[in-house]
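Take a look at the structure below.
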There are 2 protein chains.
Amino acid sequence: MDQERLTLDSHLCFSLYACSRAIFRMYRPLLDELNLTYPQYLVLLVLWDRQESSIKELSHLLTLDSGTLTPMLKRMESSGLLVRSRSVDDERIVTVQITDKGRELQSRAECIPASLIESSGLELQQLGALNETIRTLMDSVENHR
Amino acid sequence: MDQERLTLDSHLCFSLYACSRAIFRMYRPLLDELNLTYPQYLVLLVLWDRQESSIKELSHLLTLDSGTLTPMLKRMESSGLLVRSRSVDDERIVTVQITDKGRELQSRAECIPASLIESSGLELQQLGALNETIRTLMDSVENHR
DNA sequence: CGATTTTATATTTCAAGCAACATAATTGCA
DNA sequence: TGCAATTATGTTGCTTGAAATATAAAATCG
């Protein structure tokens with residue numbers, strides 16, 4: 001770390017941004033086989049875990065707003081991965097349910113996190129520790145002031 | 001880390017992605033004062049360090065391709081932060097030079113990395129270690145296979 | 001009960017990212 | 001030398017992200 005010459009490489013923000021995109025690039029060929037984009041894969045991670053969700057909940061879990069989610073979920077609906085419907089109780093709420101077609105992708109997607117584990121060159125325990133550190137940092141950044 | 005129930009939170013790729021965006025959000029009001037977007041700020045980090053660069057070099061340093069850089073650099077040129085010109089030696093090469101206006105932003109931007117350091121709740125030494133870990137992970141991911 | 005506020009989602013607009021393709025300059029080699 | 005391959009950048013089309021704004025349903029309160 002060079003204190004005098006503050007290069008790109010010494011900026012944690014850039015490392016996080018660049019590393020995140022490097023993982024996207026590694027995932028892309030795997031996701032292409034499933035006809036998914038990376039954010040769509042994240043939505044499915046949620047739905048594989050809990051069958052259904054609302055836009056509000058997805059927005060909170062993924063920290064994406066409706067301007068991102070609404071068109072993305074419409075695309076996913078049109079490719080048959082999920083169904084969107086207004087809640088009967090409260091018509092403001094849009095419920096998103098995974099379909100059989102969406103559920104079928106779960107087993108085919110298992111290789112995706114596995115590929116990161118493999119290519120990382122790190123042990124599971126180290127990856128878990130790194131994950132914890134990053135989540136703690138994210139919480140600090142979000143809750144600051 | 002739940003092995004049975006592989007939730008979003010346990011995915012390192014998501015933590016990196018979400019943390020990166022959390023930092024963008026924290027930086028946004030600071031960058032707004034400079035009329036910069038985050039990727040534009042990254043370009044300036046390079047140019048503050050080395051006065052000029054080429055699209056090829058910026059592409060390599062930032063891992064962004066010409067489809068992203070060309071329009072972004074044109075916007076930065078039209079806001080007076082830099083000048084683009086074809087190299088005389090090799091007309092394929094576009095050289096990007098920082099202007100006085102671009103250079104003036106350097107001191108005003110010092111608060112930006114400082115704000116991350118402050119809000120992170122971590123010591124400089126820990127941040128440096130985390131940066132190193134992430135860069136190593138990125139290298140592994142990029143060089144795998 | 002009716003007006004106001006809040007909540008949930010949608011729309012619009014702009015700026016990335018990136019793949020695929022296009023173009024023009026330069027290199028290299030038969 | 002001449003032409004094919006390579007290199008550097010640009011363009012197009014599609015998908016995020018996110019702010020600002022709009023809309024409609026539900027909750028709240030006098």
Side-chain angles (χ1 to χ4, degrees), chain A residues 13-14 17-29 31-32 34-44 53-79 81 84-96 142, chain B residues 13-14 16-29 31-32 34-44 53-79 81 84-96:
Chain A
C13 62
F14 175 67
Y17 163 76
C19 186
S20 183
R21 285 188 301 111
I23 296 173
F24 288 9
R25 282 192 295 275
M26 187 191 62
Y27 280 0
R28 181 176 300 276
L31 289 168
D32 279 350
L34 308 181
N35 279 303
L36 292 176
T37 65
Y38 181 72
Q40 290 175 5
Y41 166 67
L42 295 179
V43 169
L44 288 184
S53 188
S54 65
I55 301 229
K56 177 183 161 66
E57 187 180 41
L58 287 170
S59 174
H60 176 252
L61 290 170
L62 302 169
T63 49
L64 292 170
D65 74 14
S66 67
T68 301
L69 284 171
T70 297
M72 187 171 92
L73 295 171
K74 283 182 177 177
R75 281 188 287 272
M76 292 177 78
E77 182 173 43
S78 72
S79 55
L81 302 172
R84 298 175 328 123
S85 57
R86 291 275 169 185
S87 162
V88 186
D89 299 350
D90 183 339
E91 289 200 4
R92 292 171 303 179
I93 297 173
V94 171
T95 301
V96 173
E142 276 172 346
Chain B
C13 62
F14 175 67
L16 288 163
Y17 163 76
C19 187
S20 183
R21 285 189 300 112
I23 294 173
F24 288 8
R25 282 192 295 275
M26 187 191 61
Y27 280 180
R28 182 176 298 277
L31 289 168
D32 280 349
L34 308 181
N35 280 303
L36 292 175
T37 65
Y38 180 72
Q40 290 176 7
Y41 166 66
L42 295 178
V43 169
L44 288 184
S53 188
S54 65
I55 302 229
K56 176 183 161 67
E57 186 179 42
L58 286 171
S59 173
H60 176 252
L61 291 170
L62 302 168
T63 50
L64 292 171
D65 76 351
S66 66
T68 300
L69 283 171
T70 296
M72 187 170 90
L73 295 170
K74 283 183 177 178
R75 281 188 289 271
M76 293 178 79
E77 182 174 43
S78 71
S79 53
L81 301 172
R84 296 173 332 121
S85 58
R86 290 276 167 185
S87 162
V88 186
D89 298 351
D90 184 340
E91 289 199 5
R92 292 171 305 179
I93 298 173
V94 171
T95 301
V96 173

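Residue numbers start from 1 in every chain, and the chains themselves are labelled A, B, ... in the order their sequence lines are given, proteins ahead of strands. Note that these values count all heavy atoms, side chains included, but never hydrogens, waters or copies made by symmetry.
Atom-to-atom, CG of B:Leu73 to P of D:dT11 comes out at 13 Å; the value is rounded to the nearest Å. Rounded to whole Å, atom P of C:dT23 lies 18 Å from atom CD of B:Glu91. As rounded to whole Å, 13 Å separates atom C1' of D:dA8 from atom CG of B:Leu58. Taking atom CD1 of A:Ile23 as the reference point, atom P of C:dC18 lies 13 Å away to the nearest angstrom. What separates CG of B:Leu69 from P of C:dA16 is a distance of 10 Å, to the nearest Å. In this structure, B:Ile93 atom CD1 and C:dT27 atom C1' are separated by 13 Å, rounded to whole Å. C:dT23 atom P lies 15 Å from atom CZ of B:Arg86, rounded to whole Å.
Of the possible donor and acceptor atoms, one in the side chain of A:Arg86 sits under 3.5 Å from a partner among the backbone N and O of A:Arg92. For B:Thr70 (side chain) and B:Gly67 (main-chain N/O), no donor-acceptor pair under 3.5 Å exists by modelled atom type.
Taking the ring axis of A:Tyr17 as reference, the NZ or CZ atom of A:Arg21 stays within 45° of it and closer than 6.0 Å to the ring centre.
Using a 4.5 Å heavy-atom cutoff, the side chains of B:Leu73 and B:Val94 are not in contact.
A:Lys74 has a side-chain polar atom (N or O) that falls below the 4.0 Å cut-off from OP1 or OP2 of C:dT11.
Listed by chain and number, the residues in a salt bridge (Lys or Arg N to Asp or Glu O under 4.0 Å) with B:Arg25 are A:Glu142 (sequence neighbours excluded).
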>> Using side chain to side chain contact (heavy atoms under 4.5 Å, CB included), reason through A:Gln40 and A:Leu31 one step at a time and then give a plain yes or no.
In response: CA-CA 10 Å; A:Gln40 290 175 5; A:Leu31 289 168; over 6 Å; no
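No engagement by A:Asp32 is indicated, since no non-hydrogen atom pair under 4.0 Å with the nucleic acid exists.
Relative to the side chain of B:Asp90, the nucleotides D:dG10, C:dT11, C:dT26 differ in distance, and C:dT26 lies closest. Across C:dT6, C:dT26, D:dG10, the shortest atom-to-atom separation from the side chain of A:Arg92 is found for C:dT6.
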A correct 5'-to-3' footprint of nucleotides 13-20 of chain D, with B, S and - meaning base, sugar-phosphate only and no protein heavy atom under 4.0 Å, is --SSBBB-
